Every structure is written in structure tokens, then in C-alpha cells.
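The next block holds one structure in the form of C-alpha cells; read it before the comments.
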Number of protein chains: 2
Amino acid sequence: MVYNKTQRVKDKMDSRRERIIKAAREIFTEDSFQSMSIKSIAKKAGIATGTFYLYFTNKEVLVETVVQEMYKELMGLIKAERSKYESVFDKLQTSMEVCIKVFIREKGIAKLLLKHFPEINMAFNNKFTEIEKSLISLVKIDLDELQDQGLIPQQNTYISATAFVGTFRQVILSWLQEGQPENLEEACQTLIEYNMRGLGKIS
Amino acid sequence: MVYNKTQRVKDKMDSRRERIIKAAREIFTEDSFQSMSIKSIAKKAGIATGTFYLYFTNKEVLVETVVQEMYKELMGLIKAERSKYESVFDKLQTSMEVCIKVFIREKGIAKLLLKHFPEINMAFNNKFTEIEKSLISLVKIDLDELQDQGLIPQQNTYISATAFVGTFRQVILSWLQEGQPENLEEACQTLIEYNMRGLGKIS
DNA sequence: TCATTAAGTGAATCGGCATTCATTTTTTGT
DNA sequence: ACAAAAAATGAATGCCGATTCACTTAATGA
């Protein structure tokens with residue numbers, strides 16, 4: 001015979017799952033990827049290590065979930081902000097600004113989305129590469145549109161988009177790792193200008 | 001009593017050390033960082049695993065040696081080529097071109113110098129960050145000079161240099177991982193143009 | 001309340017890899 | 001050729017953290 005969970009139990013389990021994800025995010029943000037062990041996550045979430053495996057098949061799935069969650073969060077904010085503008089330039093610019101704002105508020109997201117973590121198995125690492133790829137292809141869509149509108153000269157938009165993302169990535173990593181530039185928001189403006197010139201914006 | 005090594009033995013040991021480094025480079029280039037185990041290195045070098053430790057105190061030192069060697073190799077080539085030009089723009093441009101040429105010839109160097117490998121311990125990882133930093137500061141030196149000469153407008157050269165390196169890094173990583181762009185040398189020209197415009201080159 | 005099922009526990013297991021070390025082989029100097 | 005010293009060997013050790021599992025506790029439904 002099969003027993004059905006009551007709502008109370010369902011709720012408890014849901015909140016446990018949430019707490020595990022939250023614990024993972026916290027440990028990742030505060031400490032490092034390396035110290036994100038199942039034991040420490042379980043401890044922070046207030047459960048036994050074995051319990052973890054009742055909620056996630058393995059560590060990989062957990063990290064994947066966390067990454068996905070952070071990515072969706074960021075994308076949601078970007079989309080909301082983009083919808084306020086008509087011009088593709090403005091959309092592109094605001095996308096970057098939102099990214100920077102989120103990264104400043106939650107450094108963990110920046111680390112997770114921009115750093116590489118080959119310490120995890122290969123197959124999984126593709127998740128990270130995937131996110132980077134999707135950032136590039138989002139920029140590429142904007143660039144293609146700008147090109148169609150004749151607002152930037154003919155160019156290989158894949159390379160331009162990659163370069164574009166590369167400038168941000170490198171500066172943000174420097175900010176994360178070296179603490180330079182001190183003011184990332186200011187640097188963001190500089191970067192936007194750099195890239196607009198680089199794209200050959202016709203103004 | 002202490003015995004002195006004969007030249008023959010010295011030579012044998014020197015060549016063994018070389019072969020270990022070579023084996024490490026090969027495994028790294030052909031396979032991946034993960035599969036670069038002492039056992040596999042020793043096997044490829046034709047020695048027993050224990051013998052490795054007669055030549056290197058530990059794995060960290062070996063990798064550091066390999067990285068240093070590749071970095072010096074690249075820098076040597078860049079310096080040689082730069083010396084042929086007078087204009088800082090030309091020096092900057094040729095630096096990039098040499099990098100790309102070397103990266104095409106030896107993908108392992110590109111991976112080692114541009115990827116991050118947090119799977120190795122922290123203290124060591126700084127070696128990689130260090131290299132990235134030094135690439136940026138080399139570019140910054142050129143940009144400062146260009147600015148002094150009034151060939152580019154006033155700007156935060158640290159950010160510009162970081163952005164500059166970022167564009168290359170991102171495109172080269174895409175080339176390594178996605179196989180796109182197919183022709184890296186062609187992309188290099190595009191990138192140089194992108195960055196020249198981005199810097200606001202006054203021509 | 002009670003028998004049954006499900007959730008929770010954490011010590012023990014397992015796997016992978018760097019490092020060590022007792023033993024063997026080679027080299028050295030007489 | 002021989003004894004001392006150095007180099008080489010690779011099986012054994014140690015470590016570390018993910019995953020498992022025999023057992024305990026809680027929840028379910030009659």
C-alpha cells in the first residue's frame with residue numbers, strides 16, 4: 001500500500017529543498033566552490049548528509065539547479081528592463097547595466113556565471129559554457145538587428161558579440177579578483193563606450 | 001663518503017627532467033588537465049611514478065615549471081617581433097598577431113594561458129591569474145604610451161587594456177571550445193580593428 | 001492504537017590520485 | 001671486483017570528499 005503525503009509534509013520537504021539550495025548559494029558566495037561540500041551544505045541546511053540525497057540525486061544536479069536559478073533570476077531582470085526601451089542600442093546598454101547592478105549586489109552570481117569551474121566533471125562544465133554561449137548569442141541578436149537597421153557597419157557579428165562579452169567578462173573578473181576597478185558601475189559606462197566605438201556605432 | 005655524478009649520469013638526469021616536462025606538456029595539450037596525473041606523466045616519460053619525485057618536489061612545481069616555460073616562450077617570440085617596429089600601434093598589433101600564431105600552432109599554450117584551472121590549489125592558481133594580469137599590464141604600457149603621444153584620447157587605460165585582453169581571450173576560448181571562428185587569424189584582424197576603434201585611435 | 005511505509009541519520013564505504021618508502025638496480029671510487 | 005652511495009621502482013599509504021546503507025524516527029491510514 002502507498003501512503004500519500006499530507007500537505008504539512010509536502011511543505012516541509014519543499015522548504016528543505018529550498019534550504020539546501022539556499023545553503024549552497026550561501027556557501028558558494030561566502031566561501032568558495034571548493035568548500036561547497038555536501039557535508040557543509042547539509043550542516044548549513046540543518047540536515048544530515050544522507051538526507052541531501054533524498055532531495056538531489058547528486059551534487060552535480062544541485063549545482064546545476066543553483067546555476068539555472070541564478071541565470072533565470074538575472075535574465076528575468078534584464079528582460080523586464082529591456083522592455084522599457086524601443087531602441088536596440090538602449091536595450092543592449094540597459095542589459096549590461098542590469099548585469100553590472102546584479103553582479104555588484106550579488107557577487108556570487110558573477111562568479112558563477114563568469115568564472116570557469118573545471119574542478120567539476122566535464123559533462124557538467126558544459127552548463128557554464130552554455131551560459132556564456134547564450135550570453136554571446138543574446139548580444140549577437142541585438143547586433144544583427146542593429147546591422148539590419150544600418151546603425152552599425154557590416155561586420156562578423158559573432159566575433160563582435162564575443163568580443164563585446166569578453167570585455168565585460170574580463171573587467172568583472174578583474175573586479176572580483178583584484179578589486180580593480182573599484183567602481184564597477186563607472187567602469188561599465190567606460191566599457192559601453194569602448195564597445196560602441198568598437199562596433200562602429202553610427203551616430 | 002660522497003660520490004660525484006659523472007657527466008653521463010648528469011646528462012641522463014637532465015634529459016629525464018626534460019622528458020617529464022615534455023610529457024606533461026603533451027598530456028596537457030592532447031588530453032586535458034584532469035588526465036594529467038603523475039602516473040600518466042611518468043608512463044609517458046618512461047619512468048616509474050616514484051622517480052618523478054626525484055625530479056620535482058610535487059605536481060604543483062611541475063605545472064608551475066610548464067606554465068613558466070610556455071609563458072617565456074611566448075614572450076620571447078613577441079619581444080623579437082616587436083623590436084622590428086617603431087610605432088606603438090604596430091608593436092601592439094604585432095604582439096596580438098604573434099599570440100594568435102602561437103596559439104594556432106600550439107593550442108596547449110592557449111589553454112594554459114587563457115583558461116582557469118581552479119581544480120588545482122588556490123595558492124598555485126595565482127600563477128595563472130598572474131599571467132593574465134601581466135598580459136593586461138603589458139597592453140596597458142602600450143596604451144599609456146599611445147595616450148602620451150596623443151594617438152588615442154584620454155581614457156582609463158587599465159580598463160581599456162582589460163577590455164582589450166578580454167576580447168582576445170573570449171574569442172580564443174570560443175575558438176578552442178566551440179571551434180568558432182574557424183579562421184582565428186582572420187578573426188584576429190577583425191578584433192584588432194574592433195579594439196582600435198574602441199580605443200578611439202586617431203588616424 | 002498499530003502495522004506499514006516513508007523520511008531521516010551519520011558512520012562506513014568507495015574511488016581516485018598524490019605522495020611515500022622498503023626494496024632493487026645502477027653508479028662510483030678504490 | 002667490491003662495498004658504499006645514489007637513483008629507480010611501483011606497490012602500499014594516506015587523504016578527501018561524494019555516495020551508500022543498515023538502522024532509527026516520523027507519518028499514514030485503518
Side-chain angles (χ1 to χ4, degrees), chain A residues 1-21 23-24 27-28 31-66 117-125, chain B residues 1-21 23-24 27-28 31-66 117-125:
Chain A
M1 199 220 177
V2 179
Y3 289 164
N4 290 314
K5 289 191 240 297
T6 58
Q7 193 57 42
R8 190 176 64 82
V9 170
K10 274 186 197 162
D11 289 349
K12 194 182 86 179
M13 291 183 80
D14 281 356
S15 89
R16 275 204 160 172
R17 204 188 132 89
E18 284 308 308
R19 260 195 287 164
I20 291 171
I21 293 174
I27 286 172
F28 174 73
D31 304 327
S32 68
F33 210 106
Q34 351 284 313
S35 64
M36 194 167 140
S37 69
I38 300 301
K39 211 177 180 181
S40 68
I41 290 169
K43 196 178 167 190
K44 188 152 223 160
I47 59 173
T49 56
T51 309
F52 170 84
Y53 290 90
L54 298 172
Y55 291 86
F56 294 90
T57 47
N58 56 35
K59 190 180 179 179
E60 194 174 314
V61 170
L62 169 68
V63 183
E64 212 165 306
T65 306
V66 170
F117 296 95
E119 71 262 40
I120 320 174
N121 82 56
M122 262 297 105
F124 167 66
N125 228 293
Chain B
M1 199 218 178
V2 179
Y3 290 162
N4 290 314
K5 289 190 242 294
T6 59
Q7 193 56 42
R8 189 175 64 83
V9 171
K10 274 186 199 164
D11 288 349
K12 193 182 86 179
M13 289 183 80
D14 280 356
S15 89
R16 275 205 160 172
R17 203 189 132 88
E18 284 308 309
R19 258 195 288 163
I20 291 171
I21 293 174
I27 286 173
F28 175 73
D31 304 326
S32 68
F33 210 107
Q34 351 285 313
S35 63
M36 193 169 142
S37 68
I38 299 302
K39 210 177 181 180
S40 69
I41 290 168
K43 194 179 168 191
K44 188 151 224 160
I47 58 174
T49 56
T51 309
F52 171 84
Y53 290 90
L54 298 173
Y55 291 86
F56 293 89
T57 47
N58 56 37
K59 190 180 179 178
E60 193 173 315
V61 170
L62 169 68
V63 183
E64 213 165 306
T65 306
V66 171
F117 297 96
E119 71 263 39
I120 319 173
N121 82 57
M122 262 296 105
F124 167 66
N125 227 293

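This is a predicted model, so every value here is computed, not measured. Per chain, numbering begins at 1; letters A, B, ... match sequence-line order.
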Self-check item: Nearest-nucleotide 5' precedence on DNA chain D, B:Ala48 against A:Lys5
Solution: B:Ala48
Exercise. Check the distance between C:dT9's P and A:Tyr53's OH and give it to me in whole angstrom.
Key: 15 Å
Self-check item: Heavy-atom closest pair, residues A:Ala24 and A:Val66
Solution: CB-CG2, 4.1 Å
Quiz item: Of B:Met36 and A:Leu54, whose closest DNA chain C nucleotide lies nearer the 5' terminus?
Solution: A:Leu54
Quiz prompt | Contacts of B:Val61 that satisfy side-chain contact (heavy atoms from CB on, under 4.5 Å) - sequence neighbours left out | solution = B:Phe56, B:Thr57, B:Asn58, B:Thr65
Self-check item: Shortest non-hydrogen contact between A:Gly46 and A:Arg16, atoms and distance
Solution: O-NH2, 4.4 Å
Quiz prompt | C:dT28 OP1/OP2 closer than 4.0 Å to side-chain N/O of B:Asn4 | solution = no
Practice problem: Sequence neighbours left out, what passes side-chain contact (heavy atoms from CB on, under 4.5 Å) with A:Thr49? Give chain and number order. | Solution: A:Lys39, A:Ala42
Self-check item: Distance in angstrom units between A:Ile47 CD1 and D:dA26 P, rounded
Solution: 17 Å
Exercise. Only counting residues at least two apart or in another chain, list the ones meeting side chain to side chain donor-acceptor pair (under 3.5 Å) with B:Ser37.
Key: B:Ser40
Exercise. May I ask you to list the residues of residues 8-21 of chain A, by number, that have any heavy atom positioned under 4.0 Å from an atom of DNA chain C?
Key: A:Lys12, A:Met13, A:Arg16
Self-check item: Nucleotide D:dT28, atom C1' - distance to CE of A:Met1 in whole Å
Solution: 8 Å
Practice problem: Run the numbers on A:Arg19 and A:Ile47 for side-chain contact (heavy atoms from CB on, under 4.5 Å), then give the verdict. | Solution: CA-CA 10 Å; A:Arg19 260 195 287 164; A:Ile47 59 173; over 6 Å; no
Exercise. Return the value, rounded to whole Å, for the distance between atom CZ of B:Phe52 and atom C1' of D:dA11.
Key: 18 Å
Protein-nucleotides 12-17 of chain D N/O pairs under 3.5 Å:
none

Quiz item: Rounded to the Å, how far apart are A:Leu62 CG and D:dA18 P?
Solution: 11 Å
Quiz item: Under 4.0 Å between a side-chain N or O of A:Tyr55 and OP1 or OP2 of C:dG8?
Solution: yes
Quiz item: For A:Lys44, what residues pass the side chain to side chain donor-acceptor pair (under 3.5 Å) criterion, not counting sequence neighbours?
Solution: A:Glu30
Self-check item: Residues in side-chain contact (heavy atoms from CB on, under 4.5 Å) contact with B:Lys10, at least two apart in sequence or another chain
Solution: B:Lys5, B:Gln7
Practice problem: Examine C:dT27: is either OP1 or OP2 under 4.0 Å from a nitrogen or oxygen in the side chain of B:Thr6? Give yes or no. | Solution: no
Practice problem: Just compare D:dA8, C:dT19, D:dA5 and give me whichever is closest to any side-chain atom of B:Thr51. | Solution: D:dA8
Quiz item: Within a strict 4.5 Å, meaning less than it, do heavy atoms of the B:Ile38 and B:Tyr53 side chains meet?
Solution: yes
Quiz prompt | Base C:dT4 paired with A:Tyr3 side chain (donor-acceptor, <3.5 Å) | solution = yes
Quiz item: Which residue, B:Val2 or B:Gly46, contacts DNA chain D at a nucleotide closer to its 5' end, judged by nearest heavy atom?
Solution: B:Val2
